[in-house]
Protein chains: 2
Amino acid sequence: MRVTRQKKIILDIINHSYDHLTAEQVYIKCRRVISNISLGTVYRNLNNLVDERKIKRIKMKDGDHFDNLLEKHNHFICDNCGRIIDIKDDISLEYKIGNNKIVDYEINFRGICENCLRKE
Amino acid sequence: MRVTRQKKIILDIINHSYDHLTAEQVYIKCRRVISNISLGTVYRNLNNLVDERKIKRIKMKDGDHFDNLLEKHNHFICDNCGRIIDIKDDISLEYKIGNNKIVDYEINFRGICENCLRKE
DNA sequence: CTCCTTAATAGTAATGATTACTATTAAAGT
DNA sequence: ACTTTAATAGTAATCATTACTATTAAGGAG
């Protein structure tokens with residue numbers, strides 16, 4: 001696996017952004033540095049970085065957003081405006097986080113299931 | 001809001017399935033009852049049912065899956081085969097659930113953020 | 001430093017889940 | 001039964017993402 005300029009720039013953009021950028025938004029920021037970078041390159045590198053657990057994917061209706069992993073945290077997502085708010089505190093299942101009203105929450109565990117573990 | 005035959009059938013299919021069906025899979029099952037039901041109708045009703053909190057959406061790379069809400073539970077998703085396993089027990093953050101190996105988990109809270117609450 | 005191998009890229013086309021559009025149908029109230 | 005209009009069927013369009021391919025450049029060997 002080669003360390004390309006494109007990959008370094010993409011990781012740098014995610015790590016230095018306070019927002020949760022989409023691939024398209026990362027692409028726009030990349031073009032300020034490499035004007036002819038390809039959108040496919042952005043997608044491929046974002047996918048690789050997620051696989052390497054260097055960034056995190058947040059699945060949203062308007063496409064995936066990407067987040068840095070500098071500090072372990074979860075997210076509060078507004079059903080109304082789609083805003084993604086970082087939740088850095090330990091999770092306590094109250095009905096509010098700050099002044100945000102929780103309607104629902106979902107916990108997804110990911111890993112390798114027992115069937116696949118047996119086959120490996 | 002009218003109670004149509006299509007909507008009743010779609011909710012019935014979700015509630016009587018042990019799997020976590022995609023819109024396409026629900027569509028195929030629907031066609032056994034209404035042979036000319038439209039895929040758009042299935043999507044629209046699934047979206048409505050999620051909004052009404054009668055079913056739950058699980059976002060996956062191969063498209064959304066839908067799940068009944070007969071019992072509150074979360075999911076274990078296998079990174080290898082994509083299998084979705086229901087987790088009905090209380091959540092304890094161990095490194096295993098049953099014999100499934102947890103690599104990561106994500107918690108997404110959803111609701112209305114303080115900005116939007118002020119505007120309402 | 002130069003050459004070589006090949007992984008990664010740029011540019012473009014294709015895919016596929018989902019949504020939009022519109023004439024027609026059928027809930028459900030009068 | 002009549003009327004209103006929300007919901008549907010069928011189809012086209014959208015849009016995020018992936019696939020494809022000729023070209024470029026990372027980085028190891030000499």
Side-chain angles (χ1 to χ4, degrees), chain A residues 1-14 17 19-52 54-67 77 79-80 82 84 108 110, chain B residues 1-14 17 19-52 54-67 77 79-80 82 84 108 110:
Chain A
M1 187 213 304
R2 291 174 187 174
V3 180
T4 63
R5 193 155 92 92
Q6 287 81 350
K7 183 170 189 174
K8 278 189 286 192
I9 290 165
I10 289 165
L11 179 56
D12 198 61
I13 285 168
I14 300 288
S17 173
D19 299 322
H20 307 84
L21 305 175
T22 61
E24 190 73 32
Q25 290 171 324
V26 173
Y27 172 63
I28 290 165
K29 282 178 186 286
C30 281
R31 289 180 62 171
R32 294 176 193 164
V33 186
I34 305 177
S35 61
N36 70 331
I37 194 169
S38 174
L39 182 55
T41 298
V42 174
Y43 271 104
R44 180 168 19 74
N45 278 296
L46 287 172
N47 286 339
N48 290 346
L49 289 166
V50 169
D51 290 344
E52 297 164 27
K54 290 181 178 166
I55 66 173
K56 190 159 180 67
R57 184 193 305 275
I58 307 168
K59 287 181 172 295
M60 298 283 288
K61 53 187 170 302
D62 67 331
D64 293 354
H65 291 239
F66 297 89
D67 194 8
I77 300 163
D79 282 337
N80 191 253
I84 303 171
N108 285 320
R110 288 178 182 271
Chain B
M1 185 215 304
R2 291 176 186 172
V3 180
T4 62
R5 193 155 93 94
Q6 287 82 348
K7 183 169 189 176
K8 278 188 284 190
I9 289 165
I10 289 166
L11 179 57
D12 197 61
I13 285 168
I14 300 288
S17 172
D19 300 321
H20 308 83
L21 305 175
T22 62
E24 190 72 32
Q25 291 170 324
V26 172
Y27 172 61
I28 290 165
K29 282 178 186 283
C30 279
R31 289 180 63 171
R32 294 177 192 162
V33 186
I34 304 179
S35 60
N36 71 330
I37 193 169
S38 175
L39 182 56
T41 298
V42 173
Y43 272 103
R44 180 169 17 76
N45 278 296
L46 287 171
N47 286 341
N48 290 347
L49 287 166
V50 169
D51 290 344
E52 296 164 27
K54 290 182 179 166
I55 66 173
K56 190 160 180 67
R57 184 191 307 273
I58 308 168
K59 286 180 173 295
M60 299 283 289
K61 54 186 169 304
D62 68 330
D64 293 354
H65 292 239
F66 297 89
D67 194 8
I77 299 164
D79 282 337
N80 191 253
I84 304 170
N108 285 320
R110 289 179 181 269

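Below, chain A is the first sequence line, B the second, and so on; all start at residue 1. What you are looking at is a predicted structure, and each value in this text was computed from that prediction instead of being measured.
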In whole angstrom, what separates [X]'s [atom1] from [N]'s [atom2]?
{"X": "A:I9", "N": "D:dA25", "atom1": "CD1", "atom2": "P", "result": "13 Å"}
{"X": "B:N47", "N": "C:dT19", "atom1": "CG", "atom2": "C1'", "result": "9 Å"}
{"X": "B:K59", "N": "C:dG16", "atom1": "NZ", "atom2": "P", "result": "20 Å"}
{"X": "B:M60", "N": "C:dT18", "atom1": "CE", "atom2": "C1'", "result": "17 Å"}
{"X": "B:K61", "N": "D:dA16", "atom1": "NZ", "atom2": "C1'", "result": "16 Å"}
{"X": "A:L39", "N": "C:dA10", "atom1": "CG", "atom2": "C1'", "result": "11 Å"}
{"X": "B:L46", "N": "C:dT19", "atom1": "CG", "atom2": "C1'", "result": "14 Å"}
{"X": "B:D64", "N": "D:dT17", "atom1": "CG", "atom2": "P", "result": "12 Å"}

Any side-chain N or O of A:T41 less than 4.0 Å from the OP1 or OP2 oxygen of C:dA10?
yes

Report yes if the side chains of [X] and [Y] come closer than 4.5 Å at any heavy-atom pair, otherwise no.
{"X": "B:L49", "Y": "B:K7", "result": "yes"}
{"X": "B:K59", "Y": "A:K61", "result": "yes"}
{"X": "A:I9", "Y": "A:Q6", "result": "no"}

Shortest non-hydrogen pair, B:A23 vs B:L39, comes out as O-CD1, 4.4 Å

Side chain to side chain donor-acceptor pair (under 3.5 Å) with A:Y27: which of A:E24, A:R31, A:K29?
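Between A:Y27 and the candidates, side chain to side chain donor-acceptor pair (under 3.5 Å) is satisfied uniquely by A:R31.
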
Where the side chain of A:H65 meets the backbone of A:H20, is there a donor-acceptor pair that is under 3.5 Å apart?
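Yes, because the side chain of A:H65 sits within donor-acceptor range (under 3.5 Å) of the backbone of A:H20.
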
State the CG-CD1 distance between B:D19 and B:I14, to the nearest 0.5 angstrom.
10.5 Å

Which nucleotide wins on minimum distance to the side chain of [X], given the candidates [options]?
{"X": "B:A23", "options": "D:dT18, C:dT18, C:dG11", "value": "C:dT18"}
{"X": "B:I34", "options": "D:dA9, D:dT18, C:dA10", "value": "D:dA9"}
{"X": "B:N36", "options": "C:dA10, D:dA9, C:dT18", "value": "D:dA9"}

Using a 4.0 Å cut-off on protein heavy atoms (strictly under), produce a 5'-to-3' string for nucleotides 22-30 of chain C with B for base contact, S for backbone-only sugar-phosphate contact, and - for none.
----BBS--

Mapping A:S35 and B:Y43 to their closest nucleotides on DNA chain C, which lands nearer the 5' end?
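Whichever sits nearer the 5' end wins; that is A:S35.
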
